[in-house]
Amino acid sequence: MADKVNLLNLDRKKLAAYCESIGEKPFRAQQLLKWIHQRGISDFNEMSDLSKDLRQKLIENCEIKAPEVLFHKPSNDGTHKWLLKMHDGNCVETVYIPEKDRGTLCVSSQVGCMLTCTFCSTGTQGFNRNLTTAEIIGQMWVAVRSLSKAHGEHDRHITNVVMMGMGEPLLNFDNVVPAMDLMLDDFAYGLSKRRVTLSTSGIVPEIYHLAETLPVSLAVSLHAPNDQLRNEIVPINRKYPLVELLAACKAYLQVNPHNTITFEYVMLQEVNDSPELAEELIALLKDLPAKMNLIPFNPFPGNRYTRSSNNRIHRFQKILMEAGITTTIRKTRGDDIDAACGQLVGQVKDRTKRQARHKQQLGQSRS
């Protein structure tokens, strides 16, 4: 018996094509999207405005299968974290961060991460595979249903999505874009392009590709103002150095729903937080409308970095602000449940053996 079609894998265009393939009108896709994403219904028998014949076809051939919730843990500050199990036993983590005027869902795109950013817990654990579209949008489907059960109204809590969870989203382009398309679709979650942000470590060719395909808001993990330091902190810089990355960012500004690019900069004590490096950063970004987001480093076991002191973070911010660069300091949220930036780990079958190498390197550094 053939595997059933998971409808969470299909954006509106693909769902309309599927409906036609089973002898139904394309507009049925809009009805299905509403039932699945706006109402959170997974039982085809409950989809009352569909004909009995269509419902029977769906029952026989389709499913709505989201990742399994292994646990759902709220933080003292209102943050929520879900550990979600995929069909193959791998797990990812998804985080919801409530604020006064918004509720942001941080979504993962890969099981682990193939990049090796040295400040990131996910980057030390290895890489297994890309998530499917169903597994990406399924995180939102699960979070909306979960928050609705806790607080009442369905689909009123998540106002923003950031592709900043586990993995590098631009290295899973073909699955991430349809998932974001569902986030934007008025028959699904109806978010604006300004409220869906993709964060990348700098996969230059795919930045241009995203600009042509689905130009949502863009954030770039920068973390250093020169190639020498960035090569150490964000090793993908060796392949796509800063001159190429900034050229791609300038091109992206032509389609970006915001008139600036957001740059993320994790604050590492006496590594990248000096006044001299702040001045280098100003020079680097002088021709680019930019917003800086300074992120206090969130420590994890075995890492060699420490968080910059508040004095060093605020001094860095002051230098950038005086140069006219809008600079915010990200609040640390959910650190009591290891849900803060750079702390997402999940549970990965490490095919790269990176965990073993990481432990060996730590042993050598301590000897």
Side-chain angles (χ1 to χ4, degrees), residues 1-68 84 86-88 105 107-110 129-145 148 154-155 158 161 163 169-193 195-196 198 206 208-216 255 257:
M1 182 177 177
D3 290 340
K4 290 190 173 184
V5 176
N6 187 353
L7 298 188
L8 287 179
N9 262 319
L10 308 181
D11 59 15
R12 195 201 314 182
K13 184 177 180 180
K14 291 176 183 174
L15 190 52
Y18 179 74
C19 287
E20 285 192 285
S21 76
I22 60 172
E24 298 290 336
K25 298 292 185 183
F27 78 87
R28 295 296 185 192
Q30 299 174 11
Q31 292 175 298
L32 281 165
L33 287 180
K34 285 184 175 182
W35 281 111
I36 296 167
H37 297 287
Q38 293 186 359
R39 297 167 184 161
I41 299 300
S42 57
D43 183 347
F44 296 118
N45 283 315
E46 295 183 32
M47 300 180 180
S48 55
D49 61 353
L50 303 182
S51 69
K52 287 185 178 180
D53 285 346
L54 174 53
R55 276 181 275 169
Q56 189 58 39
K57 289 178 186 176
L58 295 172
I59 291 168
E60 292 174 359
N61 299 296
C62 302
E63 62 183 355
I64 298 165
K65 189 174 182 180
E68 177 188 352
L84 301 176
M86 307 300 142
H87 67 89
D88 58 0
L105 189 70
V107 173
S108 295
S109 57
Q110 296 179 314
R129 64 174 176 83
N130 288 327
L131 294 179
T132 66
T133 296
E135 291 166 338
I136 297 168
I137 199 64
Q139 295 169 63
M140 191 164 184
W141 192 84
V142 165
V144 168
R145 283 165 60 95
S148 299
H154 184 79
D155 198 18
I158 298 171
V161 174
M163 298 299 305
L170 288 185
L171 292 178
N172 186 15
F173 194 95
D174 291 343
N175 291 314
V176 165
V177 166
M180 293 195 303
D181 191 55
L182 285 166
M183 295 170 192
L184 301 174
D185 197 306
D186 287 340
F187 292 98
Y189 299 98
L191 301 180
S192 74
K193 290 181 179 179
R195 291 184 176 272
V196 176
L198 182 144
E206 298 306 321
Y208 289 106
H209 192 186
L210 185 66
E212 297 170 351
T213 308
L214 193 71
V216 295
V255 295

Any salt bridge (charged side-chain N to carboxylate O under 4.0 Å, His left out) pairs touching residues 40-49, not counting sequence neighbours? none

A side-chain contact here means heavy atoms from C-beta on lying under 4.5 Å apart; do Asn61 and Tyr18 qualify? yes

Look up atom CG in Asp88 and atom CD in Glu135, then write down how far apart they are to the nearest 0.5 Å. 7.0 Å

Please list, chain by chain and in numerical order, all residues satisfying side chain to side chain contact (heavy atoms under 4.5 Å, CB included) with Ala134, sequence neighbours excluded. Asn6, Leu8, Asn9, Thr132

Quick one: do Val107 and Ile137 satisfy side-chain contact (heavy atoms from CB on, under 4.5 Å)? Show the steps, please. CA-CA 8 Å; Val107 173; Ile137 199 64; over 6 Å; no

Please identify each residue that fulfils salt bridge (charged side-chain N to carboxylate O under 4.0 Å, His left out) with Lys57, with sequence neighbours left out. Glu24

Passes side-chain contact (heavy atoms from CB on, under 4.5 Å), Leu191 versus Met140? Steps please. CA-CA 12 Å; Leu191 301 180; Met140 191 164 184; 4.0 Å; yes

Distance-only donor-acceptor pairs under 3.5 Å for side chains of residues 172-188, two or more places apart:
| residue | atom | partner | partner atom | Å |
| --- | --- | --- | --- | --- |
| Asn172 | OD1 | Asn175 | ND2 | 3.0 |
| Asn172 | ND2 | Ser109 | O | 2.9 |
| Asn172 | ND2 | Leu131 | O | 2.9 |
| Asn175 | ND2 | Leu131 | O | 3.2 |
| Asp185 | OD1 | Arg12 | NH2 | 3.1 |
| Asp185 | OD1 | Phe187 | N | 2.8 |
| Asp185 | OD2 | Arg12 | NE | 3.0 |
| Asp185 | OD2 | Arg12 | NH2 | 3.4 |

CG/Leu10 to SG/Cys62 distance, rounded to the nearest 0.5 angstrom? 8.0 Å

One should read off an interatomic distance between Ser42 OG and Arg145 CZ, to the nearest 0.5 angstrom, of 5.0 Å

side-chain hydrogen bond (donor to acceptor under 3.5 Å, both in side chains) with Glu206: which residues, sequence neighbours excluded? His209

For residues Ala66 and Trp141, report the shortest heavy-atom separation together with the two atoms involved. CB-CE3, 3.5 Å

Trace of the side-chain contact (heavy atoms from CB on, under 4.5 Å) decision for Leu198 with Leu170: CA-CA 8 Å; Leu198 182 144; Leu170 288 185; 3.7 Å; yes

Which heavy atom in Cys19 sits nearest to a heavy atom in Ala29, and how many Å separate them? SG-N, 3.9 Å

With rounding to the nearest 0.5 Å, note down the distance linking CG in Leu33 to CZ in Arg39. 11.5 Å

Find out whether Ile136 and Thr133 are in side-chain contact, i.e. whether some heavy atom of one side chain is under 4.5 Å from a heavy atom of the other. no

For the student: nearest non-hydrogen atoms of Pro215 and Pro257, plus distance: O-CD, 3.3 Å

Which of Leu32, Ile64, Asn45 passes side-chain contact (heavy atoms from CB on, under 4.5 Å) with Leu58? Answer is Leu32

How would you list, by chain and number, every residue that makes a side-chain hydrogen bond (donor to acceptor under 3.5 Å, both in side chains) with Glu20, sequence neighbours excluded? none

Kindly indicate whether the side chain of Ile22, heavy atoms from C-beta on, has any atom under 4.5 Å from the side chain of Leu54. yes

Which is it for Tyr189 and Ile158 under the side-chain contact (heavy atoms from CB on, under 4.5 Å) test, yes or no, and what are the steps along the way? CA-CA 9 Å; Tyr189 299 98; Ile158 298 171; over 6 Å; no

Flag the pair Val216 / Val161 as yes when at least one side-chain heavy-atom distance between them is below 4.5 Å, and no otherwise. no

Flag, side chain of Lys4 to backbone of Ile59, donor-acceptor distance under 3.5 Å: yes

